[in-house]
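As structure tokens, the structure follows; a few thoughts come after it.
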Amino acid sequence: MNVYLDHSATTYVDEDVLEAMMPYFHDHFGNASSQHTLGQEAMNAVDRAREAVAKAINARPSEIYFTSGGTESDNWAIKGIAHAYASKGKHIITSAVEHHAVLHTCEQLTKEGYEVTYVPVHPSGEVDLDALKAAIRPDTVLITVMYANNEIGTIQPIEEIGRIAKEHKIFFHTDAVQAMGVCDIDVKAQNIDLLSMSAHKFYGPKGVGVLYIRNGVKPDKLIIGGAQERSMRGGTYNTPGIVGCAAALTKAVAHREENNAKIAALRDYFVEQVKARIPYIVINGGFEHRLPNNANISFLYVEGESILLSLDLEGIQASSGSACSSGSLDPSHVLLATGLPVENAHGSIRFSFGKDNTKEQVDYTLEVLERTIARLREWSPLYADLKKSKEN
Ligand SMILES: *Cc1c(COP(=O)(O)O)cnc(C)c1O
């Protein structure tokens, strides 16, 4: 049996989305910036996509900018605001649990003389709002806090952060890559000035995303060239990608409630069964404000990488932390920020469920997992010590 439980790393392209994209690869291949009919057909498709994306977050079409994905959108939002409004101040507030696309961008800015405050999180993974308020300074120009975490699924108090930012006249950017199609997002009601999304996280194609920029907010350009995207982001339109991004988001939003309910039920069943069947585990992150698809579990006395390899051999794909930090043996900065000891962070696995997972797949995963953890623990000197200490 093959069981894909890594939907937070990426999703496949939904069949309806693929069908919507297909005409723009071959028959309607025109450059959307060309004046002739073929080009205008492509531009019409881009315009329709822009309207659909805007509608999904209660923005205006003129506030939607297509990019190459979440990483580009995060880079553009943060560097763009920092550079354009440097005269206002050079202090940025973010959280300790952001994606590397945000953290590394902030680090780069510190080399240019900016100062960054990393606000801590509660054990649940939620940003400490008192610490966030205390971090605000007269020269704070931007608050960037993710909508939902990619490792432990925590949904942040976005509306409150938006309110705080507005009160202090500070720009507010949110990396909503994990939240799109799952959370009910309204950029106006939530006072969001800039928002990043990525199509391949909601059953759209890879290499396309969006940055929403509120009208009147003017970040510097990141990618310069042609006059595309109102001269704010150069480069020939990725028409099939843009069409796919909009089709995927529209479908995800239309089926949001039913997908969320189904996925949360599977996830909850999985977590409950793991707790009942496998000793010495820790469930990471709070459950009050959490994405329905995320379970992050530390299996004590075993290495996460060994678990992943064993699961993969039996057809189950999961991940340790995020796909971007795997391959490095550093423990996850997100888990450490929640207060998890380093030893626990090492044996942590993220299971991220999707709309097509089934109960049979979950039962199979539980059976393999129970057997795998028991076997790996037999080889673990730490576990042997634990057993010995219990016998004495
Ligand atoms: C996947 C992800 C990104 C990066 O998006 P890409 O489109 O892959 O560049 C950024 N932020 C979060 C929270 C993510 O999960």
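Every number for a ligand or one of its atoms is a count from 1 in the order of the listing. The model shown is predicted, which means the values in this text are computed figures rather than measured ones.
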Do the ring planes of [X] and [Y] sit parallel (below 30°), tilted (30 to 60°) or perpendicular (above 60°)?
X	Y	answer
Y301	Y280	perpendicular
H100	H104	parallel
F351	F299	perpendicular

Query raised in the report: Atom SG of C106 and atom CG of L142: how far apart are they, to the nearest 0.5 Å?
Result: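 If we round to the nearest 0.5 Å, C106:SG and L142:CG are 7.5 Å apart.
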
Report task. To the nearest 0.5 Å, tell me how far F353 CZ sits from T358 OG1. Result ->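 Going from CZ on F353 over to OG1 on T358, the span is 10.5 Å.
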
Number the atoms of ligand 1 from 1 as they appear, then name those within less than 4.0 Å of a heavy atom of [X], with their elements.
X	result
G69	7 (O)
K201	1 (C), 2 (C), 3 (C), 14 (C), 15 (O)
N150	13 (C), 15 (O)
V177	1 (C), 2 (C), 10 (C), 11 (N), 12 (C), 14 (C), 15 (O)

Query - Sub-4.0 Å heavy-atom contact, H200 with ligand 1 - result: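 It does, in that a heavy atom of H200 comes within the 4.0 Å cut-off of ligand 1.
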
Report yes if some N/O of [X] lies less than 3.5 Å from some N/O of ligand 1; otherwise report no.
X	value
S68	no
E72	no
G70	yes

Query raised in the report: Using a heavy-atom cut-off of under 4.0 Å, does the side chain or the backbone of T71 touch ligand 1, or both, or neither?
Result: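 Looking at T71 and ligand 1, atoms from backbone and side chain both fall under 4.0 Å.
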
Query raised in the report: When you measure from the centre of the six-membered ring of F172, is the NZ or CZ of K166 under 6.0 Å away and within 45° of the axis?
Result: no

Requested in this report: Identify whether NZ of Lys or CZ of Arg in R230 sits under 6.0 Å from the centre of the six-membered ring of Y65 and within 45° of that ring's axis.
Outcome: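 Here R230 passes the 6.0 Å and 45° test against Y65.
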
